[in-house]
Colleague: 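Okay, handing you the structure first.
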Amino acid sequence: MTRAALLVLADGRFPAGGHAHSGGVEPAVKAGRVHDAASLAEFCRGRLHTAGLVSASLAAAAVLGLDPLALDEAADARTPSPALRATARKLGRQMMRAARAAWPSEELAALAAARPRGAHQPVVLGLAARAGGLSAPDAAHCVVYETVSGPATAAVRLLSLDPFDATGVLARLGPELDSVAAAAARAAGVASAEGLDALPAASAPLLDIMAEAHAAWPVRLFAS
């Protein structure tokens with residue numbers, strides 16, 4: 001394994017486009033559901049155990065060599081919101097550009113050719129991790145951290161939240177991040193033997209509803 005590749009992939013400076021997205025926290029702030037560090041922690045926890053678990057399992061499965069096109073279809077099936085599907089593919093397209101620059105591989109090139117408008121971001125991240133010599137748990141950890149760090153960073157801008165408080169939220173979620181990443185990696189291992197139906201399909205209907213509403217806003221700070 002190449003631990004340096006893990007640091008590159010998890011680095012906030014990796015040009016994968018995530019800085020332009022709030023992970024759903026912008027509409028949550030407008031609705032008053034996120035208004036301080038405590039409510040941010042609850043938002044992140046909910047996102048972690050639903051969207052985070054699903055995305056991490058998809059990334060881990062890609063590392064294990066499952067068919068990325070089948071995984072992309074599985075991601076579509078697990079993303080009922082058209083706005084979130086569009087966002088996942090936009091982020092996947094940007095992730096693909098960065099990944100191919102960092103770790104050129106035939107698998108990344110084949111997925112880019114098959115999905116010119118972008119594959120789902122977790123699938124691309126998983127292939128990037130595979131190309132970088134990382135493990136399924138490594139990819140799962142990258143995804144779960146990204147699942148909560150994006151909203152936490154956005155909340156600092158949206159609420160003028162103290163960055164130390166936002167960092168504290170992430171630190172206290174650490175044990176849950178490890179637990180969800182481990183569960184995602186285990187599910188990917190089962191899926192490699194039993195098929196993609198073994199991957200988690202946890203849902204977060206309120207995130208879907210807020211994403212659709214946010215996509216219709218005429219003015220917004222974040223793309224999603």
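Every heavy atom of this structure was used, including side-chain atoms; hydrogens, water molecules and symmetry mates were not. Residues: numbered from 1 along the sequence shown.
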Colleague: Hey, what do you get for CG (D165) to CG (L170), rounding to the nearest 0.5 Å?
Modeller: 11.5 Å
Colleague: Spell out, yes or no, whether L66 and V190 are grouped together once hydrophobic residues are joined by side-chain heavy atoms under 4.5 Å, including indirect joins.
Modeller: no
Colleague: Which distance, rounded to the nearest 0.5 Å, do you find between the NE2 of H120 and the CG of L91?
Modeller: 11.0 Å
Colleague: Quick one: are D76 and R89 in side-chain contact, heavy atoms under 4.5 Å?
Modeller: yes
Colleague: Return the minimal non-hydrogen interatomic distance between P151 and L40, and the atom names on each side.
Modeller: O-CD1, 4.1 Å
Colleague: About how many Å separate OG1 of T79 and CG of L207, when rounded to the nearest 0.5 Å?
Modeller: 11.5 Å
Colleague: Would D178 and H141 satisfy side chain to side chain contact (heavy atoms under 4.5 Å, CB included), going step by step from the backbone distance to the final call?
Modeller: CA-CA 7 Å; D178 288 344; H141 271 94; 3.1 Å; yes
Colleague: Pairing donors with acceptors under 3.5 angstrom, does anything connect the side chains of Q94 and Q121?
Modeller: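 The criterion, which ignores hydrogens and geometry beyond distance, is not satisfied for Q121 and Q94.
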Colleague: Does V25 belong to the same Ile/Leu/Val/Met/Phe/Trp/Tyr cluster as I209, with side-chain heavy atoms less than 4.5 Å apart forming each link?
Modeller: no
Colleague: Please determine if R130 and E107 form a salt bridge, counting it only when a charged side-chain N lies under 4.0 Å from a carboxylate O.
Modeller: yes
Colleague: Looking just at side-chain N and O atoms, do E176 and H49 make a donor-acceptor pair shorter than 3.5 Å?
Modeller: yes
Colleague: Could you tell me if the side chain of L71 sits less than 4.5 Å from the side chain of L199, heavy atoms only?
Modeller: yes
Colleague: Closest heavy-atom contact between A166 and V156?
Modeller: CB-CG2, 3.6 Å
Colleague: Roughly how far, to the nearest 0.5 Å, is the OG1 atom of T147 from the CG atom of L177?
Modeller: 8.5 Å
Colleague: Indicate the atoms forming the closest heavy-atom contact of T50 with A204, along with that distance.
Modeller: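 The answer is OG1-CB, 3.6 Å.
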Colleague: Is atom CZ of R97 surrounded by more than 12 heavy atoms (other residues, nucleotides or ligands) closer than 6.0 Å?
Modeller: no
Colleague: I'd like to check R115 versus V124 (side-chain heavy atoms, cut-off strictly below 4.5 Å). Are they in contact?
Modeller: no
Colleague: Do S224 and L84 make a side-chain contact, defined as non-hydrogen atoms from C-beta onward lying under 4.5 Å apart?
Modeller: no
Colleague: Taking C-beta and beyond as the side chain, do S105 and L127 meet within less than 4.5 Å on heavy atoms?
Modeller: no
Colleague: Does some side-chain heavy atom of L158 sit less than 4.5 Å from a side-chain heavy atom of K30?
Modeller: no
Colleague: If I compare all heavy atoms of P27 with all of W217, which pair ends up nearest, and what's the gap?
Modeller: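 For P27 and W217, the tightest heavy-atom pair comes out as CA-CH2, 3.7 Å.
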Colleague: Quick check: closest heavy atoms across A56 and A184, and the distance to 0.1 Å?
Modeller: CB-CB, 3.5 Å
Colleague: Side chains of H21 and F222: closer than 4.5 Å at any heavy-atom pair?
Modeller: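 A side-chain contact is absent here, since even the closest heavy-atom pair is not under 4.5 Å.
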Colleague: Counting distance only, does the side-chain N/O of R220 pair as donor-acceptor with the main-chain N or O of H214 below 3.5 Å?
Modeller: yes
Colleague: State the CG-NE2 distance between L161 and H35, to the nearest 0.5 angstrom.
Modeller: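 Rounded to the nearest 0.5 Å, the CG-NE2 separation comes out at 11.5 Å.
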Colleague: Using a strict cut-off of less than 4.0 Å between a Lys/Arg side-chain nitrogen and an Asp/Glu carboxylate oxygen, indicate whether R85 and D208 qualify as a salt bridge.
Modeller: no
Colleague: If you count the non-hydrogen atoms of other residues, nucleotides and ligands that lie under 6.0 Å from OH in Y145, is the total more than 12?
Modeller: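 Incorrect, the count does not exceed 12.
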Colleague: Are L64 and V144 connected in a single hydrophobic cluster, I mean Ile/Leu/Val/Met/Phe/Trp/Tyr linked by side-chain heavy atoms less than 4.5 Å apart?
Modeller: no
Colleague: Apply side chain to side chain contact (heavy atoms under 4.5 Å, CB included) to M210 and R33, showing your working.
Modeller: CA-CA 11 Å; M210 290 193 299; R33 294 186 174 94; 3.8 Å; yes
Colleague: Have a look at V143 and tell me which of L125, L9, L58 forms a side chain to side chain contact (heavy atoms under 4.5 Å, CB included) with it.
Modeller: L125
Colleague: Any donor-acceptor pair under 3.5 Å linking the side chain of S192 with the backbone of G189?
Modeller: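 Pair found, side chain donor or acceptor close to backbone of G189.
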Colleague: Determine the sole option in M95, M96, K90 for which the side chain to side chain contact (heavy atoms under 4.5 Å, CB included) test with R93 is passed.
Modeller: K90
Colleague: Check for a donor-acceptor pair, side chain of S179 on one end and backbone N or O of P175 on the other, with a separation under 3.5 Å.
Modeller: no
Colleague: Within the distance-only criterion (no hydrogens, no angle test), does the side chain of D11 pair as donor or acceptor with the backbone N or O of V8 below 3.5 angstrom?
Modeller: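 Not a single qualifying donor-acceptor pair exists.
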Colleague: Drop me the distance from S203's OG to R78's CZ, to the nearest 0.5 angstrom.
Modeller: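 If we round to the nearest 0.5 Å, S203:OG and R78:CZ are 11.5 Å apart.
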Colleague: Check whether any side-chain heavy atom of V63 sits under 4.5 Å from a side-chain heavy atom of L134, and report yes or no.
Modeller: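 Answer no - side chains too far apart.
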Colleague: Just by modelled atom types, is the G52 backbone N or O under 3.5 Å from a matching donor or acceptor in the R47 side chain?
Modeller: no
Colleague: Please name the pair of heavy atoms, one in P122 and one in S55, separated by the smallest distance, quoted to 0.1 Å.
Modeller: CB-O, 3.4 Å
